[in-house]
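Chain naming here is simple, since letters A, B, ... match the order of the sequence lines and numbering starts at 1 in each. Keep in mind that what you see is a predicted model, and the values were worked out from it rather than measured.
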There are 2 protein chains.
Amino acid sequence: MPRTRGRAPTGGRADALSREIIVGAAVALLDERGERGLTFRLLAKQLNTGPGALYWHVANKDELVALAADQVLGHAFAAVPRLEEGAGAGLRALAIAVFDALDRHPWAASHVTAPATLANALRLLDRIGTLVARTGLPAERHFAVSTAISYYITGVSAQIIAPRSALDSTTSRDAFLTQTAERWEELDPADYPFLTRTTTDLRDHDDRDQFTTGLDLLLNGLNTTADPRPPA
Amino acid sequence: MPRTRGRAPTGGRADALSREIIVGAAVALLDERGERGLTFRLLAKQLNTGPGALYWHVANKDELVALAADQVLGHAFAAVPRLEEGAGAGLRALAIAVFDALDRHPWAASHVTAPATLANALRLLDRIGTLVARTGLPAERHFAVSTAISYYITGVSAQIIAPRSALDSTTSRDAFLTQTAERWEELDPADYPFLTRTTTDLRDHDDRDQFTTGLDLLLNGLNTTADPRPPA
DNA sequence: ACCTGAACACCGTTCAAGT
DNA sequence: ACCTGAACACCGTTCAAGT
């Protein structure tokens, strides 16, 4: 784990290289040009160095992208209050903060993975676990439930957000949905009874609402399990 | 959409090329050598042709991998009975069948995406929607709930399964979990109160149980919403 | 300890030319 | 209509050599 040394000389890139600097530049490049736009050559050029230099700080491209995604995940914590009234409300706020963070960096969504090994993924799971522990759930279920929630947050966010990073400005989201809706309309209602009558919902749906719908279902199920007799 | 013509000459690859043949060979190659082992050159060689030939049948590598993943998704339908007693049981069986199908082809998990455009993804969502429609849920919620379930199935499966395709036989799952557990143990309990006391759960957990835990939470929440007064 | 940049061993994709 | 295979324009990664 190398660290930045100090001082800033003059011209070009000032500081010495560091893992943080590299990851930061990678995030910027990914934001600008998408996953395929990130290249060791291009990244090196932007940092005024050669591609080989980067390999002293990161093992390979997979690690670099994973670190970049973890940095994006970290944005979520800034948006969420430290302590929340109830466990349910806290989990909901945390989940939505993660979704919003990934939504602003679509390339990152498919690269946050579990089980947690990177810094912010660790923080996230611990936060979830701590909130779950405040529920009435028996202790032996804490791990399974916490990871289930964590999987939902990152997995469903990836499903919802990742497709957006595929259609790079050539097609808009609206155009894509309209086109998909048309394909659904052309299906045989005998084979696809549900899809053929659901095309307007497809066209009009909001991604964030989709995320919270499933989230609330999940948290709802949590309450039921925690307290067998729901109030009134 | 070209189709296979007929007859089989002698020697080498017998039949004419077709999209189905190419996708089938791609699945085999992905199963054998993982995502990075799939190459147009290698695939072409196995089919006794040149790389350029493949481009007459598929647009590019992204499409090929998406088609391969969709074929794997199709395996799930073979494992699931046509009609299930209740909607809840049907959804559960369907979800687990998808998980198991993806579990046998880990590379595929991260490539099944929504909203559905490919054949088996369409079938899956329609099946889910049809089952959801049998619930007591108001019709205007069918789309949101169905896609939420669909997102859960594919998204959480991907989270759970995809990491496995990263550690290619060099490290076993057990070794990886043990190593991760050790990292958790070294964390400061003041910063990570949950993780530091949950390492044995991490080591002992079963992936499939993890999937069903969240699934049951979700379906549980569904029942609560569908019928405000749960029986007894 | 950290950086350089040429070189290696590949890729996906295109396209003129064939049948 | 479908296939061939050489060629183009890249990649990630390594590594001897520098400071």
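Taking a pair to require two hydrogen-bonding distances under 3.5 Å in either a Watson-Crick or a G-U wobble arrangement, C:dC3 remains unpaired. Under the Watson-Crick or G-U wobble criterion, with both distances below 3.5 Å, D:dC11 is left unpaired in every strand shown.
Between D:dC3, D:dG12, C:dT14, one nucleotide has an atom nearer to the side chain of A:Lys61 than all others, and that is D:dG12. When the nucleotides D:dT13, C:dT13, D:dC3 are ranked by their closest atom to the side chain of B:Pro51, C:dT13 comes out on top. Between C:dC11, C:dC3, D:dC3, one nucleotide has an atom nearer to the side chain of B:Arg41 than all others, and that is C:dC11. Across C:dC2, D:dG12, C:dT13, the shortest atom-to-atom separation from the side chain of A:Thr39 is found for D:dG12. Here the nucleotide nearest the side chain of B:Trp56, chosen from D:dC3, D:dC2, C:dC3, is D:dC2.
C:dG5 atom P lies 12 Å from atom NZ of A:Lys45, rounded to whole Å. If you measure from atom CZ of B:Arg36 to atom P of D:dG12, you get 11 Å, rounded to the nearest angstrom. The interatomic distance linking A:Leu17 (CG) with C:dA1 (C1') rounds to 13 Å, in whole Å. Following rounding to the nearest Å, B:Leu29 (CG) and C:dG12 (P) show an atom-to-atom distance of 11 Å. Counting to the nearest Å, the P atom of D:dG12 and the CD1 atom of A:Ile22 are 14 Å from each other. In this structure, A:Phe40 places its CZ atom 17 Å from C1' of C:dA6, rounding to the nearest Å. To the nearest angstrom, P of C:dC10 lies 18 Å from CG of A:Asn60. In this entry the distance linking CG of A:Leu43 with P of D:dC11 reads 12 Å, nearest Å.
Between B:Leu30 and B:His105 the shortest side-chain heavy-atom distance does not fall below 4.5 Å. Under the 4.5 Å side-chain criterion, counting only non-hydrogen atoms from C-beta, A:Arg208 is in contact with A:Ile96. At a threshold of 4.5 Å between non-hydrogen side-chain atoms, the residues A:Leu67 and A:Asp70 do not count as touching.
Residue contacts shown for A:Leu64 are absent, as no nucleic acid heavy atom lies under 4.0 Å away. A:Leu42 comes within contact range of no nucleotide atom at all, as no heavy-atom separation falls under 4.0 Å.
Here CZ of B:Phe194 is found 10.5 Å from CG of A:Leu131. Values are rounded to the nearest 0.5 Å.
Screening B:Thr198, B:Leu177, B:Thr213 against B:His205 for a side chain to side chain contact (heavy atoms under 4.5 Å, CB included) leaves a single residue, B:Leu177.
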